[in-house]
Structure formats: C-alpha cells, structure tokens
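Small disclaimer: the values here were computed from a predicted structure and weren't measured. In what follows, every heavy atom counts, from backbone to side chain, and hydrogens, waters and symmetry copies are set aside.
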Amino acid sequence: MPRRHIRVKGAPEAPLRAALAALRTDLHIPESFPPEVLAEAEGVARFPAVPGHDATDIPFFTVDPPTADDLDQAMHLSRHDGGYRVRYAIADIAAFVVPGGALDSEAHHRVNTLYFPDEKVPLHPTVLSEGAASLLPGQACPAVLWTIDLDGDGRTLTAEVRRALVRSRAKLDYAGVQKRIDERTAEEPVALLREIGEARERLEVERGGISLNVPEQEIVEYDHTYELSYRAPLPADAWNAQISLLTGMAAADLMLAYGTGVLRTLPTAPDGAVARLRRTAHALRIEWPHHVSYAALIRSLNPRRPRHAAFLQECTTLLRGAGYTVFRNGTLPTLTTHAAVAAPYAHCTAPLRRLADRYASELCLAAAAGEEPPDWVLMALDTLPKQMAEGSRRAGTLERECVDIVEAALLKDRVGEVFDGCVVEVEPRQPTVGKVLLQQPAVIGRIEADAPLPLGERLPVRLTEADPGTTKVRFAPA
C-alpha cells in the first residue's frame, strides 16, 4: 500500500511537471508501448476468446472514480434464500493476451499500472485496458464471473467461478452511489451495497481485520501557488472494497482447497512497530488506551480530522512486508493469511492493472472445474512472486518520490516558516536524523538535528529546504 494517495487537480505548473517528467526518466518508466505490442493489442481487441456462457442478461453495474475507464469489476447484488447473492464480474484480460506473445512479455516487464500525480502508466495498452477488455457500460465483454451466496449475516455459504460474457448497464461513481443510497432512491441491486458492505464490515471486526480509510490528498494549483485538501473516503468506498475483499477471500479459500495457488500474504506486525505508532498517537493527541486494540482504534478514527488523517497515513507502515506466496501440489505454505484481512486472501479483482490477478483467476477457474491449470500458468508461478516484488518496489519508490516532489511544490514558498510537527521516525544508527510529520498541512519530511530526536514526541520545526526540482523537503528543530 502506498504511503499516501496523492494527485494534482488541474494542470500542474512547469516546475512540478518538469520534476515529475525527470522522475519518470530516472526510474526508467516507459513512455509508450513498443510498436509490436500495440499491433498485437489492436488485433486481439477485435477478436478475443469468447466464453461459451452468456450472462449478458444480468444488469451489472460498476463503481469507480468518475474519470476511470479501466474498469476491472462489475457487480450485481440481490437477495437470495434469506441472505444475499453477489455476482462479481472481473475483466478477463486472459481472453485477449496470448501467452508468450509480445503483449504478455510487456505485461511481465511492467507488472502493474503505475500512478503519478498527473498521469498513469498502464499495464496494458489502453485499447484493451480502457477499451475492449474494460467492463464499460453497454459493451459485451469476456469476464471471470464469481457467484457468491451469503447468509443473512454476510457469511459466505458457497462460491462459484466460471468464464462468462457480461454487459454492464451503468457506470456509477462513489459520490453518486452514496447520494442515491442516502436519499433512498437507489434500486435494490445498488441499495444492497450498503447492507452487504456493512454486514461484511461487522464480520471484519469479528475476525480482527483492519481497513485503513486513508484520505486521498489533493494538491490544487491556485494563482501560481498550491493548496492542500483531502478527500476522505465515503462509506460507499468501503462497502465497494468489501465486495472485492469478499471475492479475494473466496479465491484464496478455493486455491487452498485445490492445493495450487498464489496468495497475497502479510505477517503480523512486530510489537516494536505498534509501540512506535503508540508514541505517534500520543504526540498527535489521539487517545489510545492500552486495553484498546490497534484494529479498534483505527475504526474509531475520522479521516476528515487532520490529526486522524495524519495518523492514518502512518498506520500504513504496518502493512509493509506484504508479498505473494505461491504453493502447488498440495504443499501449503507456512503463512497463508494476510494480517490486515485476518484471513487467507488473494489478489484477483484487478487484472487490468496488476499482473498477478490474471494468474490467480486462471488458478481459480481450474480449481472450480477440477482441471489442471494451463501450462503457461504453471510455468510462470515460480518467478511470479519475484516479479511482483520488483514491481511493488518500483511502485513504492515512485509513490514516495512523487509525494516528496509534490510536497516540495506545496511548500516551496514557505521556507523559513515554523510548523507543529511530530517525530515519526529516527534512524537507529544516526539518532539525530529522522522524519517529522506536520499536523497541518499533512506533510512528512526529513529532519536533521544537533541532538538525538525524540521519537513520537511533538516538536516545532522550521522548513529549511523545499524545491520540487532539486531537493526534497527538509526540516530542522525550531
């Protein structure tokens, strides 16, 4: 998970654009797809492998940001036998990608879609990811269709998966869905998103899972300066995420029973990391009684409050260490769970943006059919975790560098000012160097002092450097 979701609203001014362009060059981010990849994508976009089962009669809908066109998931929700039926269609990119072809090789090179504040670098050519393979409304698309039946409390009773042709009826966004549900004008398939989402949230609490509602940070260009604002997630964001989590958990259970699969795993955070967060909470004046668990504290926070938003940003540090775990032939790995989900979990719902999801879907389809997975899937399993780890590191580096650049752009005219800060990190071998988190604006920057820094303590700090083109944000004790 990135340290911060961040985007620039409007056209960034020249220094910021130049700094982001330089970052893309430094990280060797491809500017475009090779001609042979584009040619193959154009060809397969016209002639995908069409599944035999037709589910275009089901009125699916998508819920995404309003500007998104790479639509991985579409859903239809209904009541069923005293509980619920969740039908979740996942874009079937494997219906377009020829194993071993130019498109496949390029996807293995890119691994995932990369997000910059001002643009994105897609995993697949947009003729597929925002065109033929995307679950756009009115378009018949190949999909991996999950049918998951839940009881009245939202617990999974059965889960089935198969290939199908689907057609979304509506492209909805979070704010619109929230408004319809709040005003009680949503039709039942949309209205049930709240009912099922809240039921799944209660089960998450029961099993000790954690969902971090990390605000998205917007940098808005205004009169040649930048202003900081937050978009706190709506309840509809969380309900939608619960449907994806439900499917990922069903996929993990199916692969574990099958004996071959790829899981998304995360070990339990070490005590020291939690202790550091306790000191940060104290410095931010967030009450955290010793009898209250970390998961319970997270659920009590309001991401619209700046101090809570700042703390939630730091909580993402406990999610570091997540990885992909492959197993086969019935030999299960030692770690099968994801600590934040508090259950076995698999990435399978974003194949247009993440390479591993294509393989997880194929393994689930094979497990459901009681068949051997395709050879191209088995051949890739041993190297897939390393490829995904390298891709995750590249994305993490990109995210950190982008945040540093945008923060420098935000603060470039405020060098010399004093801010209220909190020391959130100290280098073990150099205790006079660390990181400080400002309460307002919510910026994290390097701090260098003449004496050891007080980890977890509040500290007034002076901004000493901020230039998006040459340096990161730097502070010193005031």
Side-chain angles (χ1 to χ4, degrees), residues 2-9 12-24 26-27 115-118 214-222 224-230 276 280 283-284 306-307 309-317 395-427 430-478:
R3 189 183 78 185
R4 184 172 302 152
H5 304 283
I6 189 168
R7 65 189 178 97
V8 175
K9 188 174 182 179
E13 66 175 16
L16 180 54
R17 286 200 307 271
L20 292 171
L23 176 62
R24 286 188 274 271
D26 292 343
L27 296 180
Y115 293 90
F116 288 83
D118 57 340
V214 181
E216 182 181 70
Q217 189 181 29
E218 279 188 348
I219 305 296
V220 182
E221 194 274 330
Y222 177 75
H224 304 294
T225 63
Y226 291 95
E227 292 183 353
L228 176 68
S229 65
Y230 278 109
R276 184 186 65 80
T280 301
L284 290 171
R307 287 186 292 112
F311 184 71
L312 285 168
Q313 301 289 357
E314 281 305 294
C315 288
T316 61
T317 59
T397 299
L398 178 153
E399 288 156 355
R400 288 190 297 272
E401 293 293 331
C402 283
V403 168
D404 288 337
I405 288 171
V406 173
E407 288 178 342
L410 173 70
L411 295 174
K412 64 183 176 64
D413 297 324
R414 303 181 68 177
V415 172
E417 287 190 31
V418 175
F419 301 84
D420 288 330
C422 169
V423 179
V424 295
E425 187 174 312
V426 174
E427 294 186 9
Q430 198 173 1
T432 58
V433 177
K435 290 183 180 178
V436 64
L437 182 149
L438 306 190
Q439 292 192 49
Q440 189 63 32
V443 165
I444 299 173
R446 181 180 174 91
I447 181 171
E448 298 180 2
D450 296 327
L453 292 165
L455 180 62
E457 296 296 326
R458 296 176 64 198
L459 185 71
V461 296
R462 188 181 307 279
L463 179 63
T464 59
E465 296 179 84
D467 185 338
T470 58
T471 64
K472 300 177 182 178
V473 173
R474 297 283 189 271
F475 295 92

Review point. Nearest 0.5 Å, what's the CG-CG distance between Leu411 and Asp467?
Key: 12.0 Å

Exercise for review: Determine whether Gln430 and Thr432 make a side-chain contact, defined as any pair of heavy atoms from C-beta on separated by less than 4.5 Å.
Suggested key: yes

Study note, to complete from the structure: residues 436-459 vs salt bridge (charged side-chain N to carboxylate O under 4.0 Å, His left out), sequence neighbours excluded, gives Glu427-Arg446, Arg446-Glu448

**Study point:** Within 45° cone and under 6.0 Å: Arg24 NZ/CZ vs Phe116 ring
**Key:** yes

Check your understanding: Atom OG1 of Thr280 and atom CG of Leu437: how far apart are they, to the nearest 0.5 Å?
Key -> 8.0 Å

**Study point:** Phe311 CZ to Thr316 OG1 distance, which is reported to the nearest 0.5 Å
**Key:** 11.0 Å

Point to revise | Exercise: identify the closest heavy-atom pair between Ile447 and Leu459 | key: CD1-CD2, 3.9 Å

Practice item. Give the minimum heavy-atom separation between Ala478 and Val418, together with the two atoms involved. Key: CB-CG1, 3.9 Å

**Study point:** Glu417 side, atom CD; Leu438 side, atom CG - distance, nearest 0.5 Å
**Key:** 10.5 Å

Review point. What are the two closest non-hydrogen atoms of Leu463 and Arg474, and how far apart are they?
Key: CD1-O, 3.4 Å

Practice item. Could you tell me whether the side chain of Val426 reaches within less than 4.5 Å of the side chain of Val433, counting heavy atoms only? Key: no

Review point. How many angstroms lie between atom CG of Asp26 and atom OG1 of Thr397, to the nearest 0.5 angstrom?
Key: 12.0 Å

Point to revise | For the student: nearest non-hydrogen atoms of Val415 and Ala466, plus distance | key: CG2-N, 4.0 Å

Review point. Does the pair Phe419 and Arg462 meet the rule for a side chain to side chain contact (heavy atoms under 4.5 Å, CB included), with working shown?
Key: CA-CA 6 Å; Phe419 301 84; Arg462 188 181 307 279; over 6 Å; no

Exercise for review: Considering non-hydrogen atoms only, spot the tightest contact between Val473 and Glu407 and give its length.
Suggested key: CG2-C, 3.8 Å

Exercise for review: Specify the closest pair of heavy atoms between Leu23 and Cys402, including all atoms of both residues, with the distance to one decimal.
Suggested key: CD2-SG, 3.7 Å

